[in-house]
Amino acid sequence: MIQNTEKNILLLNQARLQALEHADKILKEKEALQRKITILETRLSETDAQLKLSAEGNFDTEINDSPLVLEFDVLKEENMLLKEDIEFLKTKLIEVAETEESILKLEKERALLDASLRELESRFIAAQADTLKLGPRKYDTWWDKVEKLEDLLENTANQVEHAAMILDHNHDLQDKLDKLQASLRAATISKFSCDLVDLLQQKVKSVEERFQACNHEMHSQIELYEHSIVEFHETLSKLIEESEKRSLENFTGNMPSELWSRISLLIDGWLLEKKISYNDANMLREMAWKRDSRLREAYLSCRGTENGEVMDKFIKMALPGTSSGLHIAHIAAEMAPVAKVGGLADVISGLAKALQKKGHLVEIILPKYDCMQLDQVNNLKALDVLLQSYFEGSMFNNKIWTGTVEGLPVYFIEPQHPSKFFWRAQYYGEHDDFKRFSYFSRAALELLYQSGKKVDIIHCHDWQTAFVAPLYWDVYANLGFNSARICFTCHNFEYQGTAPARDLAWCGLDVEHLDRPDRMRDNSHGRINVVKGAIVYSNIVTTVSPTYALEVRSEGGRGLQDTLKVHSRKFLGILNGIDTDTWNPSTDRYLKVQYNANDLQGKAANKAALRKQLNLASAYPSQPLVGCITRLVPQKGVHLIRHAIYKTAELGGQFVLLGSSPVPHIQKEFEGIADHFQNNNNIRLILKYDDALSHCIYAASDMFIVPSIFEPCGLTQMIAMRYGSVPIVRKTGGLNDSVFDFDDETIPIEVRNGFTFVKADEQGLSSAMERAFNCYTRKPEVWKQLVQKDMMIDFSWDTSASQYEDIYQRAAARARAAA
């Protein structure tokens, strides 16, 4: 059918060209006729003048009665008739001009028809390539397109009929010309006038014949189009039937994780609302876990119906089952992209998606902040249940919301507490953060407990949810909720969550039991340290890179090094990954031009675009551009970032900084630097965070500075390499595990991917920057190979998730053995 359509389009284009040629000829002939008519009018005017003079002459009575006078009278009358006929001819010529305009309008309509049909053709080809992904709603769009095309065809046919009607009216012009010719012959007007009328008659006949030919051609093309539309209808109907049939028969593994997450949330919601029993919920969870085709078919067949009908079908088919996957629940304060402050948010979503792809049931529990990005949550809804949890000697209600975020099932807890813990317009930084997150940790465990879930792993993150570990073993295990094992990840030991010991009692923990040196008492003072409590009470303790795991066992542990040494057998470092779907230069929607390692022209285009956007100098396209995206806090080496700005200017490069500081004096200092370079078109400081701009800076920069004093993992250096920006970093933490010096001959050349320095001083950074600039300017081919190598390094979550999967499974196996 597509081939027929292409043939029809070709025929239509040919007809369109012929019509345009005919219209040009008609226009030229019309102009010639106009000139002839002007000459005729001149001759007639002269004749009128002669008649007038004759009429005004002083002839005697005999002459006035002579046959000559009578002849002049007849001639005058005939000339008047001729003048009227010429006026009529002018009117008809105007109608011819209007007909030409109608043809042009018809031509435009036909061009629109061309465009619509070509768009329809491309959509048809796309549908053939991806039929399984098309749902009923998308088919509605197809039918709308077909209906619009039919309307367009109908309008085109009407235009052609209108043109035909105009041609019919032109027959009257022929009659008038015949009368004019007879009248002129009777009056014996000059031979020139007769010849002119004959010429007019021939031209009008030619115009009529050509319009009729064009009309016939247009009708033929419309018939071909109508035939193509009928054929398209039939093909599309067959396509829809086959697609729906295949979608029902297709293996459930092809079903998006988003839908399975919705089914899982649906089941848990029914249980919390006490609409189904624990046994039924567990059976249905197992089926969803295994992606049972019966569950899928029931869900799809009940789309658009009430939940009660779906629930009835689910319960009827529930059967016991087992699963080889793990049930993992992450309890955290952040998750990208709905609630993001730092790297923790990226870890939660990245690790959870990677584990889900490996066949595990992964859920996330978050506070419901008033400032979170709810537009990033799909199918957000509140459950018809109020979950009660203990706090400060009383029971408080919690509203539970569910939704999916990037295909992951997420629970949002909204406390109905008078302090409005998460209605503060910010995530952290409140005077009562210890109270806010101890409340949330208790409510999250209560949600898992009351839902009757048989969770294998509860994974909590940083001090905000470190309360989970002691709460689980000291409170909930005694209630029979003891199937899970606890994994705690500290993303930064700089923040440990300390408070007076009495504050632990708020969430129901026994202060006297926990305020001991071997449990939760801080090693340096008499306060409670919740990160220490999580290290002691968790079955698995991790941090975010192998080097950082070594560093925190010494001075980097910020007072917890001795505790980590005692529990070293369950402590390890796993390097974080990055979300390679979000950070992908070949698909990044924020970029001016997408590119990859095999085609770096797009990177140069993005560099030019950023220079234009930030009003940077662009006279030298190869001038090196250094990027830095960071929070301006002491940990990030603020004094080294400042030095890098001035060093870049000294080396003849350009520098772009994106980031802000929560520390007032640091923010003020960098505002002063920005003012200093305000008129310098090689330096730009954007003292805020802008996600879209960050993508552009990664893509545009040639080098990327990360001069951290300490860095647990660091994601920016990985993202920079993904975008072909060579990192210049200090050898610490995760930077040491991901960036290897280009000039270090003790390292295999295939893994060298950047420039490093050891000491946290200006001399070390200057040396690394000078080496990078020298390589960039003096060895462009070597630099290009380095860029391409960096872009092809696998920094995805797959490897890291496999390591977590391994320790999860070993912990779960020990739990089953002990049961």
* To do: Evaluate side-chain hydrogen bond (donor to acceptor under 3.5 Å, both in side chains) for Y439 paired with N398, printing each intermediate quantity in order.
  => CA-CA 11 Å; Y439 180 100; N398 299 277; 2.8 Å; yes
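- With Y369 contributing its side chain and A333 its backbone, the two residues share a donor-acceptor pair below 3.5 Å.
- Donor-acceptor pairing under 3.5 Å is recorded for the side chains of Y689 and D691.
- Sparse packing is recorded around OH of Y449, with 12 or fewer heavy atoms of other residues, nucleotides or ligands lying under 6.0 Å away.
- R553 forms no cation-pi arrangement with F571, by the criterion of a distance under 6.0 Å to the ring centre and an angle within 45° of the ring axis.
- Judged by distance alone, the side chain of Q717 and the main-chain N or O of C713 form a donor-acceptor pair under 3.5 Å.
- One distance of note links CG of N379 with CG of L265; it measures 8.0 Å at 0.5 Å rounding.
- A distance of 7.0 Å separates CD1 of I328 from CD1 of I457, quoted to the nearest 0.5 Å.
- Taking CZ of F710 as the start and CD of E551 as the end, the distance is 9.5 Å to the nearest 0.5 Å.
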* Run the side-chain hydrogen bond (donor to acceptor under 3.5 Å, both in side chains) check on S796 and D798 step by step: do they pass? -> CA-CA 5 Å; S796 71; D798 188 62; 5.4 Å; no
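- At a threshold of 4.0 Å, the pair E494-R558 counts as salt-bridged, since one of the basic side-chain nitrogens sits closer than that to a carboxylate oxygen.
- With contacts defined as side-chain heavy-atom distances shorter than 4.5 Å, the pair I331/H461 does not qualify.
- Taking 4.0 Å as the cut-off between side-chain N and carboxylate O, D432 and R424 count as a salt-bridged pair.
- No side-chain heavy atom of L632 sits under 4.5 Å from any side-chain heavy atom of V663.
- By the 4.5 Å heavy-atom criterion applied to side chains, I540 and R485 are not counted as neighbours.
- The shortest distance between side-chain heavy atoms of V405 and M335 falls below 4.5 Å.
- With hydrogens and angles ignored, the 3.5 Å screen pairs no side-chain donor or acceptor of W797 with any backbone N or O of K353.
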* Check the pair H459 / Y808 against side-chain hydrogen bond (donor to acceptor under 3.5 Å, both in side chains), numbers first and verdict last. => CA-CA 10 Å; H459 196 153; Y808 287 165; 2.6 Å; yes
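- Note on R730 versus E711: no salt bridge recorded, every NZ/NE/NH1/NH2 to OD/OE distance being 4.0 Å or above.
- A side-chain hydrogen bond (donor to acceptor under 3.5 Å, both in side chains) with K532 is found for exactly one of D518, N523, T498, namely N523.
- Distance check: R519 CZ to D474 CG gives 7.5 Å after rounding to the nearest 0.5 Å.
- Ionic pairing of R502 and D515 is not present here: no N-O contact between side-chain nitrogen and carboxylate oxygen is shorter than 4.0 angstrom.
- Considering CG of L448 and NZ of K454, their distance stands at 12.5 Å, rounded to 0.5 Å.
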* Please step through side-chain hydrogen bond (donor to acceptor under 3.5 Å, both in side chains) for the pair E406 and N378, ending with a clear verdict. => CA-CA 8 Å; E406 297 189 348; N378 294 323; over 6 Å; no
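- Checked by atom type and distance alone, the side chain of T404 never pairs as donor or acceptor with a backbone atom of R262 at under 3.5 Å.
- One finds a salt bridge joining K453 and D268 here, because a Lys/Arg side-chain nitrogen approaches an Asp/Glu carboxylate oxygen to under 4.0 Å.
- The CG atom of N753 sits 9.5 Å away from the OG1 atom of T756 when rounded to the nearest 0.5 Å.
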